[in-house]
Structure formats: C-alpha cells, structure tokens
There are 2 protein chains.
Amino acid sequence: MFEIDPRDRNPIYEQVVERLKELIIHDVLKEDEKLPSVRDLAKQVMINPNTIQKAYRELESQGYIYSLKGRGSFVSPTYTTENKEKREKVMEQLKKLLAEALYLGVTEEELKALITEVGGGE
Amino acid sequence: MFEIDPRDRNPIYEQVVERLKELIIHDVLKEDEKLPSVRDLAKQVMINPNTIQKAYRELESQGYIYSLKGRGSFVSPTYTTENKEKREKVMEQLKKLLAEALYLGVTEEELKALITEVGGGE
DNA sequence: TTAACTGTATTAGTATTTATAGTACACTTA
DNA sequence: TAAGTGTACTATAAATACTAATACAGTTAA
C-alpha cells in the first residue's frame with residue numbers, strides 16, 4: 001500500500017496519515033472503500049498497531065474516514081457536513097501559501113497554470 | 001510589533017517566525033530593514049531572548065533574514081540564490097493543498113479568484 | 001578605550017511527544 | 001463459537017521540544 005521512511009523526521013503516525021490522505025484525495029481509495037484493519041496495516045508497515053490506531057483516529061477526526069466497531073474503517077463520502085469547516089481551513093492555508101509564492105516571484109499566471117495542472121486529471 | 005497568543009498550541013518561537021514571515025511577505029518589513037534586536041523583541045513580547053534567537057535562526061535558515069554579529073538582523077533581499085529551492089518547496093506544498101481543495105469541492109474558478117484576490121493588493 | 005549594544009554558543013532542566021507493548025472489552029461476521 | 005474488527009487503558013522508554021541562565025565575541029559610538 002505504501003511504505004514508511006525511517007529517515008523522515010516526521011513521526012510515523014503522521015506519515016501514515018499523509019500517505020492515506022493522498023490516496024483518498026487522489027481517488028485511489030474510493031468512497032466507502034474499506035481500509036486495511038489496524039492490525040493488518042501494522043503488520044504490512046512493520047510498526048505497532050497502536051501507531052496505526054493513532055493515525056486512523058487522526059484521519060477520522062479530520063473527517064477523511066469513519067470507523068465502525070467490529071466492521072472496520074472506511075473512506076468518508078466526500079461531501080459531509082464538516083466540509084465547510086475543512087474548506088475554510090484549507091482556503092486559509094492556501095491564502096498564506098499563495099502570498100508566499102507571489103513574494104518569491106511566482107507569477108499569477110504560473111499559479112493559475114498550476115491549478116489547471118492539478119485539476120486537469122479528472 | 002505583534003503579540004504572542006499564550007493559548008495558541010504552537011510553540012512561541014514558531015509564532016514569532018510566522019508573524020515575522022507575514023510582515024516580510026506583505027512588505028511591512030522592507031529589504032535590508034533592521035529587525036528588533038534579540039533582546040529588545042524578547043522584552044516587547046515578554047519572553048526569553050533565547051526563544052527569539054531560535055526564531056531568528058529559523059528565519060535565517062529559511063532565507064528570510066540574515067544576521068550580522070554585533071550589528072543586528074535584517075530582512076533578506078527578495079531574490080537570492082536559495083530562492084529556487086524555496087520556490088520549489090512552496091510549489092510542492094501548493095500542489096498538495098490545491099489537490100485537497102479540489103477534493104473538498106472548491107472549483108478551479110474559485111481558486112483562480114483567490115489568486116487574484118491575494119495578488120491584487122500590489 | 002570603554003560602555004553598551006549586537007548576535008551566538010553552551011549547558012541545563014523540564015515538559016511534551018512519540019512509539020511501543022501488553023491487556024482487555026465490545027461489536028460483527030461467518 | 002471463533003476469528004476478525006475497532007477501541008480504551010495503562011505503562012514505559014526514548015527522543016524531541018521548549019524555555020532559561022550564562023558566558024562569549026563582534027560592532028558601534030561616545
């Protein structure tokens with residue numbers, strides 16, 4: 001599914017969160033698709049199940065997955081009630097990053113091209 | 001100059017870095033302008049000078065300021081050799097954030113409008 | 001030269017975070 | 001029932017983050 005980089009300064013559970021988030025955002029993991037169980041993924045990645053559990057809890061609190069006791073963890077449907085908050089947070093971060101990019105000399109045209117590039121794959 | 005929010009979960013030195021970066025990016029602090037001394041800023045913000053020093057060191061390693069022993073710390077000129085790297089990093093982060101925004105339902109048009117909004121103030 | 005100002009380095013102590021381990025419980029499914 | 005799920009809790013060790021106190025070295029201006 002993915003691998004952990006031991007040289008990465010970021011904590012393992014954060015790496016797991018990031019990798020899974022990427023898979024979800026890029027639609028590799030589809031809506032309501034079942035994720036590996038906590039224990040399975042722990043075996044795959046060769047780390048402690050509690051670390052996976054922590055990552056799953058984080059993803060759930062961020063609204064990307066939902067978990068059902070005894071059944072498993074699944075990818076959340078894209079449009080949920082929490083989406084508005086998430087969108088606003090992302091937009092805030094985007095504002096800061098865009099201002100920084102412009103400060104560094106990136107042009108508005110380059111930025112708009114980037115949007116087309118990222119969004120074009122659908 | 002700015003204030004520290006004690007309720008903010010982020011460490012003080014990071015808050016200092018963020019605030020100063022904002023001032024630099026938004027051109028409140030101009031090229032080669034002198035920043036407050038480590039000790040002065042520490043008094044202003046009511047924290048330990050070492051915490052400011054850490055923030056300054058971080059800003060220096062990120063290329064936003066440069067420090068001269070005995071003289072002070074100053075805002076870096078915008079275009080430096082390290083800019084290419086910085087730009088690439090920011091573009092990478094932007095790609096991820098843009099993909100996330102699109103996933104959350106933000107349209108390409110909204111994103112392009114955001115660019116115009118951020119960049120329009122100059 | 002001296003005094004007061006700069007950044008910097010070092011050391012220390014405390015708090016927090018991270019990762020792991022073990023155990024137990026409750027629910028679902030075959 | 002048995003095996004597989006998520007979840008909760010405690011404990012521990014290690015690493016990292018954070019702040020603080022102090023001392024050192026360079027610059028500047030009186």
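Treat the numbers as computed from the prediction; the structure is a model and nothing was measured. Numbered from 1 within each chain, the chains take letters A, B, ... in sequence-line order. Hydrogens, waters and symmetry mates play no part in the numbers below; they use all other heavy atoms, side chains included.
- The nucleotide whose nearest atom lies closest to any side-chain atom of B:Asn48 is, among C:dA21, D:dA21, C:dG7, D:dA21.
- Closest approach to the A:Ser37 side chain among C:dT18, D:dG6, C:dG7 is made by D:dG6 (side chain taken as heavy atoms from C-beta onward).
- Between the P atom of D:dT5 and the CG atom of A:Leu35 lies a distance of 12 Å, rounded to the nearest Å.
- In this structure, A:Ser67 reaches the D:dT7 phosphate: one of its side-chain N or O atoms is under 4.0 Å from OP1 or OP2.
- The NZ atom of A:Lys54 sits 18 Å away from the C1' atom of D:dG6 (whole-angstrom rounding).
- Look at CG on B:Asn50: it is 13 Å from C1' on C:dG13, rounded to the nearest Å.
- Using modelled atom types and a 3.5 Å distance limit, the side chains of A:Tyr13 and A:Asn50 yield no donor-acceptor pair.
- Per the geometry, NZ belonging to A:Lys34 stands 6 Å off P belonging to D:dG6, to the nearest Å.
- Of the side-chain N and O atoms in A:Tyr13, none sit less than 4.0 angstrom from OP1 or OP2 of C:dA19.
- For B:Lys96, the NZ atom is loosely surrounded, since the number of other residues' heavy atoms within 6.0 Å does not exceed 12.
- If you take CD of B:Gln53 and C1' of D:dT19, they are 12 Å apart, rounded to a whole angstrom.
- In the hydrophobic clustering of ILVMFWY residues, with side-chain heavy atoms under 4.5 Å counting as a link, B:Val38 and B:Phe74 come out apart.
- Among the heavy atoms of the strands, none lies under 4.0 Å from B:Asn10.
- Of the candidate nucleotides C:dA19, C:dG7, D:dT28, C:dA19 has the atom nearest to the side chain of A:Pro11.
- Under 3.5 Å, the side chain of A:Arg57 and the base of D:dG6 form no donor-acceptor pair of N or O atoms.
- The CD-P distance, from A:Glu58 to D:dT7, rounds to 14 Å in whole Å.
- Taking atom CD of residue B:Glu60 and atom C1' of nucleotide C:dT6, one finds them 14 Å apart after rounding to whole Å.
- Of the candidates C:dT8, D:dG6, C:dT18, the closest approach to any side-chain atom of B:Lys69 belongs to C:dT8.
- Between A:Asp40 atom CG and D:dG6 atom C1' the separation is 13 Å, expressed in whole Å.
- Note: the hydrophobic cluster containing B:Ile4 also contains B:Leu35 (ILVMFWY, side chain heavy atoms under 4.5 Å, direct or indirect links).
- Each of A:Thr51 and B:Tyr56 has a nearest nucleotide on DNA chain C; the 5'-most of these lies closest to B:Tyr56.
- Heavy-atom contacts from other residues, nucleotides or ligands closer than 6.0 Å to NZ of A:Lys34 number more than 12.
- The phosphate of D:dT5 has neither OP1 nor OP2 within less than 4.0 Å of any side-chain N or O from A:Arg39.
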